Amino acid sequence: MSTNLRSDLRHAARIGRAEYRRSLRRYTRDVRRLLGLAIAVLFFGGYTLVSLPSVLFLGRSARSLASIPYVGPAATAVPVGLLALAAFRTVERLGAPDEPDLLLTAVHPRAVVIGLIGAEIARLATWFGLPLVALSIAFALGLGALTVPLAAALVIAPVACWAAVWGYALGLAVLWLLRRLPSVRRLARAGGVLALVVLVVGSQFAARYAVEADLPVRSLLSALTVGPLVDYAALAFLGTPLERPASIGAVAVPVAALALTPVGLAAATRGAEVLWFADDVPRSDDSGATSSGGFDAPRPFAWRKSGRIAWGLLVRGVRDPTSFGHLIVYPFFVAPLGTTILSSSRDALGPLLAGAAAGFGVYLSGATFGLNPLGDDRRQLPLLLLTATSERTLVRGRLFAGLAVGGPIAALAPLATIPLGTTPLAAVALSAAGVGLCVAAGFLAPGLGAAYPIYEPREFWGGEAVVPSTLVTLVYVFFSVGGSSLGLLAVWYVVTSHLAVGADVAVALAVYVVLTAGVSYGAYRYAVRRYRRYSLE
């Protein structure tokens, strides 16, 4: 090993430790982040605990490797998934180190690349290592072979190293392409989230269709299975009842992975040098031209100052679609439930679509501009804190901007489902209820976002965007989806005479309205107070 390589590895170890410790400090620096971390740990920990008995039973019932369901496709998908994850993480946030001007003048880019890759592997191991170790130990206990976890770690290590370096090189190539082609970068920002939404929702329908149509899923997956990868994965079960004879392919996979890892590291280093030290490509919109008046608010936004603020937020959102990246949480939670409901709707397809559309409008009314008000205004906070504009006007501007997005959907989409079987009375009632709930969601979201602001921008598709906290987004999804579903269902049952309006129903509806209005108005007042008491240190 050359002296330069030893020096780079020593510097890389320090960079990796520093990046990993910085991540830990970011997770644990205040009470609110600790609360979000606790919720994430409870989620993953609870899912792991629920899965342990099934994995233990699978280990006890396994008689051969072929008896484990989908082991071949899984062995093939793991390397591909690791490669895609490494590339996506590079494009999303790991394309460049923090403080590059200082770091790149002190050490070779190869040391920085190795350090960033090592820190990311450590972060992923922290999040997913313990659950995977627990599941592997449960399977080993059921199988009666406690050597399986250690053998599996040794088997996956060469493939993980190969995927990490080549995924990083691939991600850097994508970032270079996005920098050289600004139009592609803008298209990727606008279409990336939309493509992911289509993938999530489409996968739900595809899975249900495959089950209902009795498609030969197993044979289709078998056609995508790579034999040498399956033989290599089987090495983790040597000395167990699942052992199978070793093949040439099983030996060729780790040899190829170990041989290609230095090549990938060289490619990643070269890509990093080209990306980090290249001059920025001049953009056509940097020529010094003044604004063409896109912020001039039309009617009815121009009638009040809060409306003009709302118009500015809308224009800024159109110009930077990555600021809406947090909206992707919604289809992940709603798509599985939505496909199940739609598949069993039968004659109630129209009312279900009307309610779903109204609920989606309610979600957008608060989620688009309300979940991180202080963080979104981070660049303008010195001006906002000194301006004569009242705090109520600033918060109401975000309310009106959200209503401009979600209100028309909640108001018009239920009416469009009348040809699908929704009665005119039910459509009008759902539309009116949806608009009222949109106002409540618009009041609720700024309060939640002001309680936990996020100021740090994240790299995404070659650009930077400040998105709300995942914890705040999940809490808002729970309240907006759950609360709007209860209200819309109650309205539909009442107008269709499926629910007689007696004293008990009237009291329940009154309590629902009072709670919804009270909580939303309280959140609005809290957001105004946070703006009023905010100070710059």
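This is a predicted model, so every value here is computed, not measured.
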Student: Answer yes or no: is there an ion pair linking Arg398 with Asp376, defined by an N-O contact shorter than 4.0 Å?
Tutor: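 Yes, charged N to carboxylate O under 4.0 Å.
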Student: Which heavy atom of Gly16 sits nearest to which heavy atom of Ala119, and what is that distance?
Tutor: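 Shortest heavy-atom contact: O-CB, 3.6 Å.
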Student: Could you state the interatomic distance from CH2 (Trp492) to OG1 (Thr423), rounded to the nearest 0.5 Å?
Tutor: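 Here the interatomic distance stands at 9.0 Å.
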Student: Looking only at atom types and distance, does a side-chain atom of Tyr531 sit under 3.5 Å from a main-chain N or O of Ser390, one as donor and one as acceptor?
Tutor: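 A pair under 3.5 Å: no.
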Student: Any donor-acceptor pair under 3.5 Å linking the side chain of Asn372 with the backbone of Ile454?
Tutor: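 Checked: pair present.
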Student: For residues Phe301 and Ile309, determine if any side-chain heavy atom of one lies less than 4.5 Å from a side-chain heavy atom of the other.
Tutor: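 No, side chains not in contact.
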Student: Which atom names give the shortest non-hydrogen contact between Thr417 and Ala354, and what distance separates them?
Tutor: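 Answer, listing the atom of Thr417 first, then Ala354: OG1-CB, 3.3 Å.
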Student: Is the side chain of Thr516 donor-acceptor paired with the backbone N or O of Val513 at a distance under 3.5 Å, no angle test?
Tutor: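 Checked: no pair found.
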Student: Please examine the side chains of Arg530 and Pro453, heavy atoms only from C-beta on, and report whether any two atoms are closer than 4.5 Å.
Tutor: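 Yes. Closest side-chain heavy atoms under 4.5 Å.
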Student: Could you tell me whether a side-chain N or O of Ser520 sits under 3.5 Å from a main-chain N or O of Ala440, the two making a donor and an acceptor?
Tutor: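 A pair under 3.5 Å: yes.
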Student: If I compare all heavy atoms of Ser484 with all of Gly359, which pair ends up nearest, and what's the gap?
Tutor: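 Distance-wise, the nearest heavy atoms are OG-CA, 4.3 Å.
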Student: Identify, with sequence neighbours excluded, every residue that meets side chain to side chain contact (heavy atoms under 4.5 Å, CB included) alongside Leu124.
Tutor: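 Per chain and number, Leu124 pairs via side chain to side chain contact (heavy atoms under 4.5 Å, CB included) with Leu85, Glu120, Phe128.
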Student: Quick one: pull up CZ in Arg392 and OH in Tyr524 and give me the separation to the nearest 0.5 Å.
Tutor: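 It comes to 5.5 Å.
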Student: Given Phe369 and Leu399, is the side-chain contact (heavy atoms from CB on, under 4.5 Å) satisfied, shown in steps?
Tutor: CA-CA 8 Å; Phe369 298 102; Leu399 166 66; over 6 Å; no
Student: Other residues, nucleotides and ligands only: do more than 12 of their heavy atoms fall within 6.0 Å of CZ on Arg21?
Tutor: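 12 or below, so no.
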Student: Do the side chains of Val439 and Leu403 get nearer than 4.5 Å, heavy atoms only?
Tutor: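 Counting from C-beta outward, Leu403 and Val439 do come under 4.5 Å.
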Student: State, with a plain yes or no, whether a side-chain heavy atom of Tyr526 is found less than 4.5 Å away from one of Arg529.
Tutor: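 Heavy-atom side-chain distance check passes, below 4.5 Å.
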Student: Could you grab the distance from atom CZ of Phe443 to atom OG of Ser365, nearest 0.5 Å is fine?
Tutor: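 Result: 12.0 Å between the selected atoms.
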Student: Are any non-hydrogen side-chain atoms of Val519 and Phe479 less than 4.5 angstrom apart?
Tutor: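 No, side chains not in contact.
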Student: Within a radius of less than 6.0 Å around CZ of Phe478, do more than 12 heavy atoms belonging to other residues, nucleotides or ligands occur?
Tutor: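 No.
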Student: With side chains defined as the heavy atoms from C-beta onward, is the minimum distance between Tyr476 and Tyr363 less than 4.5 Å?
Tutor: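 In contact.
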Student: Of the non-hydrogen atoms in Ala527 and Ala450, which two are nearest, and what is the gap between them?
Tutor: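 Answer, listing the atom of Ala527 first, then Ala450: CA-CB, 4.1 Å.
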Student: So, using side chain to side chain contact (heavy atoms under 4.5 Å, CB included) as the criterion, who are the partners of Ala411 when residues are at least two apart?
Tutor: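 By the side chain to side chain contact (heavy atoms under 4.5 Å, CB included) rule, Ala411 matches Ser431, Val435.
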Student: How long is the gap from CG on Leu82 to CD1 on Ile121, to the nearest 0.5 Å?
Tutor: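 Rounded to the nearest 0.5 Å, the CG-CD1 separation comes out at 9.5 Å.
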Student: We want to know whether Thr126 and Tyr20 form a side-chain donor-acceptor pair, criterion being a heavy-atom distance below 3.5 angstrom.
Tutor: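 A donor-acceptor contact under 3.5 Å links the two side chains.
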Student: If you define the side chain from C-beta out and look only at heavy atoms, does anything of Tyr168 sit under 4.5 Å from Leu116?
Tutor: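 With C-beta onward as the side chain, the pair touches.
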Student: Could you state the interatomic distance from CG (Leu437) to CG (Leu486), rounded to the nearest 0.5 Å?
Tutor: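 The distance works out to 10.0 Å.
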Student: Any side-chain heavy-atom pair from Leu448 and Thr473 closer than 4.5 angstrom?
Tutor: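 In short, these two side chains do not touch, never coming nearer than 4.5 Å.
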Student: Please report the closest heavy-atom contact between Ala87 and Leu170, naming both atoms and the distance.
Tutor: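 Closest pair (atom of Ala87, atom of Leu170, distance): CB-CD2, 3.9 Å.
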Student: Got a sec, which residues hit side chain to side chain contact (heavy atoms under 4.5 Å, CB included) with Leu135, two or more places apart in sequence or on another chain?
Tutor: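 Scan of Leu135 (side chain to side chain contact (heavy atoms under 4.5 Å, CB included), adjacent residues dropped) gives Thr48, Ser51, Leu52, Val55.
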Student: How far apart are the closest heavy atoms of Ala433 and Leu488, and which atoms are they?
Tutor: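 Taking every non-hydrogen atom into account, CB-CD2, 4.0 Å.
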Student: Roughly how far, to the nearest 0.5 Å, is CH2 of Trp176 from CG of Leu172?
Tutor: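 The CH2 atom of Trp176 is 12.5 Å from CG of Leu172, to the nearest 0.5 Å.
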